[in-house]
Structure formats: C-alpha cells, structure tokens
Asker: 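Take this structure first; my questions come after.
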Number of protein chains: 2
Amino acid sequence: MDTLSITLSALADPTRRAILARLATGEASVSELAEPFDMSLVAVSKHLKVLEKAGLISKGREAQWRPCRLEPKPLRQVDDWLESYRQFWNDNLDRLESYAELLQKGGKNDPGN
Amino acid sequence: MDTLSITLSALADPTRRAILARLATGEASVSELAEPFDMSLVAVSKHLKVLEKAGLISKGREAQWRPCRLEPKPLRQVDDWLESYRQFWNDNLDRLESYAELLQKGGKNDPGN
DNA sequence: CCTATATTAAACCAATAAGTTAATTAACTT
DNA sequence: AAGTTAATTAACTTATTGGTTTAATATAGG
C-alpha cells in the first residue's frame with residue numbers, strides 16, 4: 001500500500017483521531033493515552049501501532065514508559081493531497097456565490113432564467 | 001460511524017482517490033470511470049457506492065447511464081479537521097526554521113549549543 | 001531476588017472490506 | 001419482440017480490522 005492510503009486509513013478511526021488530538025497538546029505515555037477510552041489497554045496499544053506505522057506518531061523510551069508524540073509529516077502529506085481539490089471546491093463555491101448574486105439582483109419576483 | 005471516519009476510510013483507497021481525481025476534471029459514467037482499472041466493472045461500481053455513501057460523489061441518471069460528479073462538502077470537512085493540526089505543524093516548522101537560522105549565524109565552526 | 005508497573009506479543013473471534021462470477025433490471029436500438 | 005448496452009444485486013471467497021483474554025518481557029524499587 002502507498003503511504004497516503006496508510007495514513008488515511010489510520011486516520012479513519014475516531015479513537016485514533018482522538019489520540020492524535022490528545023498528542024497535539026503534548027507527549028503522553030501509552031497508559032495515559034488509554035485512560036479516557038472504554039477499551040482495554042491492549043486495544044489502545046494496537047491503535048498506537050497503527051498510528052506509528054503510518055508515521056503519525058513516534059515513541060520514545062523512558063524507563064518502562066514509551067512516551068508518544070505527534071509527527072507532522074503524514075498530516076502535511078494529506079494536506080498536500082487536498083490541495084488539488086481546494087481549487088475545485090473554491091470554483092464550486094464561486095458558482096454558488098454568483099448564483100446567490102444573481103438571485104439578489106433579480107429580487108423576489110424574478111426567479112431568473 | 002461518524003461522517004469524518006466514513007469519509008476518511010472512503011479516501012483510504014488508491015482506486016477511489018483515482019476516481020475522484022478523474023471526476024475533478026468533469027462528470028463521467030460508471031463504465032468510463034471503470035475503464036482505466038484492471039478490475040471488474042462490478043468492483044468499480046462498489047467503489048462508487050462507497051464514495052457515494054460518503055457523499056464524495058453523487059450520481060445522476062441519463063437514460064441507462066449514471067453520470068457521477070464530485071461533491072466538495074466531505075473534502076472540505078477533511079480540510080476543516082486538518083485545520084487544527086496546521087497550527088501544530090507550522091509551530092514544528094518554525095522550530096526547524098529557528099534552528100536553521102541559529103546554524104546560519106553560528107557558522108561552520110560554531111555548532112552552537 | 002521479588003514484586004509491582006508499563007507495555008507488547010500471541011491466539012482467538014466477529015464483522016467488514018475488496019474482489020470474483022453469475023443473474024437481474026432498465027433503457028435504448030432495430 | 002428481440003437484442004445490446006449500462007449498471008446493480010446476489011452469493012460467495014479471502015484478507016484485514018478491531019476487539020477480547022492470557023501470557024510474556026522489561027524496568028524500577030524495596
């Protein structure tokens with residue numbers, strides 16, 4: 001699989017996105033990250049492995065803890081991919097805006113053509 | 001599942017992203033979309049259903065054709081989600097930049113502290 | 001050395017995903 | 001009416017995912 005697919009499928013899980021959101025506020029150990037969730041520590045550990053394989057997080061080692069931190073690169077790659085479509089949805093928006101203007105000018109009694 | 005998860009998992013497949021890229025250039029029928037791929041039409045039809053359920057495309061009907069077109073909303077939602085992390089990776093970049101500046105000032109013989 | 005804590009590994013299970021082929025529906029063409 | 005083209009549905013297979021429980025590994029602290 002290509003890296004973008006791996007990244008996107010890692011992101012396609014609410015638990016994993018919540019973990020990333022938590023890590024955006026700073027490093028945390030595996031058990032700290034697991035604490036808010038209603039699932040086993042083992043399950044969270046697996047989610048972390050998925051995130052790690054996607055390069056979205058990295059793990060250090062401090063005694064028996066594995067402090068995790070957010071890595072920006074894959075997210076930036078998603079952003080780059082989206083870039084090609086930004087054009088598209090701006091165009092789309094422009095069209096809507098012109099239509100809105102048209103309605104504005106036409107007034108209530110002229111639904112336009 | 002939440003809509004963002006549905007969107008991201010729809011996007012986490014290279015075939016489906018290729019379909020979206022194709023649709024960014026304009027509408028196309030199911031068979032037109034299937035043509036470049038080395039898989040059955042049925043398989044592509046299923047991919048389209050995944051994209052449709054995620055709201056990434058919509059299908060019209062013209063005689064026996066179902067012209068598909070790209071829908072911007074879910075992509076915009078992904079962009080919005082990324083927004084929270086843009087801050088993060090800019091910070092990260094800033095740090096790198098300051099470090100680069102530091103190296104610049106220090107020169108070759110002063111690796112700095 | 002023993003024990004508690006933090007994390008990972010192994011084995012398993014149910015549900016979902018991605019593909020196949022064959023059959024069906026729908027609309028145009030002759 | 002019969003045949004062709006476009007697309008979907010159904011039934012099936014195989015692999016992956018997300019979770020479980022139990023067992024193993026590693027480190028710190030008495």
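Residue numbers start from 1 in every chain, and the chains themselves are labelled A, B, ... in the order their sequence lines are given, proteins ahead of strands. When reading the values below, keep in mind they use all heavy atoms of this one structure, side chains included, and skip hydrogens, waters and symmetry mates.
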Asker: Provide the closest heavy-atom pair for Asp79(A) versus Arg86(A) in the form atom of the first, atom of the second, distance.
Answerer: OD1-NH2, 3.0 Å
Asker: Between Lys49(A) and dT7(C), is there a side-chain N or O to OP1/OP2 distance below 4.0 Å?
Answerer: no
Asker: For dG19(C), take OP1 and OP2 only and decide whether either is under 4.0 Å from a side-chain N or O of Ser40(B).
Answerer: no
Asker: Just verifying a value: how many Å separate Trp81(A) CH2 and Arg17(B) CZ, rounded to the nearest 0.5 Å?
Answerer: 6.5 Å
Asker: To the nearest angstrom, how far is Leu8(A) atom CG from dA17(C) atom P?
Answerer: 16 Å
Asker: How do Asp38(A) and Ala63(A) order along DNA chain D: which one's closest nucleotide is nearer the 5' end?
Answerer: Asp38(A)
Asker: Round to a whole Å and report the spacing from CG of Leu41(A) to P of dG19(D).
Answerer: 13 Å
Asker: Which whole-number value in Å describes the distance from Arg17(B) CZ to dA18(C) P?
Answerer: 12 Å
Asker: Assuming nearest nucleotide by heavy-atom distance, tell me which of Arg61(A) and Lys46(B) is located more 5' along DNA chain D.
Answerer: Lys46(B)
Asker: Shortest non-hydrogen contact from Leu20(B) to Tyr85(A)?
Answerer: C-OH, 3.5 Å
Asker: In Watson-Crick or G-U wobble terms, both distances under 3.5 Å, what is the partner of dT24(C)?
Answerer: dA7(D)
Asker: Roughly how many Å is it from CH2 in Trp65(A) to C1' in dA26(D), rounded to a whole number?
Answerer: 12 Å
Asker: Give the rounded distance in Å between these two atoms: CD of Glu62(A) and P of dA26(D).
Answerer: 19 Å
Asker: Could you tell me whether Lys49(A) and Glu52(A) make a salt bridge, using a distance below 4.0 angstrom between a side-chain N and a carboxylate O?
Answerer: no
Asker: Say you draw a straight line from CD of Glu71(B) to CH2 of Trp89(A); how long is it, rounded to the nearest 0.5 Å?
Answerer: 13.5 Å
Asker: With sugar-phosphate meaning primed atoms plus P, OP1 and OP2, does Ser29(B) contact a base, only sugar-phosphate, or nothing at under 4.0 Å between heavy atoms?
Answerer: sugar-phosphate
Asker: Ignoring backbone atoms, test whether Arg16(B) places a side-chain nitrogen or oxygen under 4.0 Å from the OP1 or OP2 oxygen of dA18(C).
Answerer: yes
Asker: Phosphate oxygens OP1/OP2 of dT17(D): is one of them under 4.0 Å from a side-chain N or O of His47(A)?
Answerer: no
Asker: Gln64(B) has an atom CD; how far is it from atom P of dT24(C), in whole Å?
Answerer: 20 Å
Asker: Considering only dA6(C), dA18(C), dT8(D), which nucleotide approaches the side chain of Ser31(A) most closely?
Answerer: dA6(C)
Asker: Of all the nucleotides listed (dG19(C), dA6(C), dG19(D)), which has the minimum atom distance to the side chain of Ala43(B)?
Answerer: dG19(C)
Asker: Base, sugar-phosphate, or nothing for Ser9(B), non-hydrogen atoms under 4.0 angstrom?
Answerer: nothing
Asker: Quick one: label Val42(A) by what it contacts on the DNA or RNA (base, sugar-phosphate, nothing), any heavy atom closer than 4.0 Å.
Answerer: base
Asker: Starting at CZ of Phe37(B) and ending at C1' of dA18(C), how long is that distance when rounded to a whole Å?
Answerer: 14 Å
Asker: Without decimals, in angstroms, what is the distance between Met39(A) CE and dT17(D) C1'?
Answerer: 13 Å
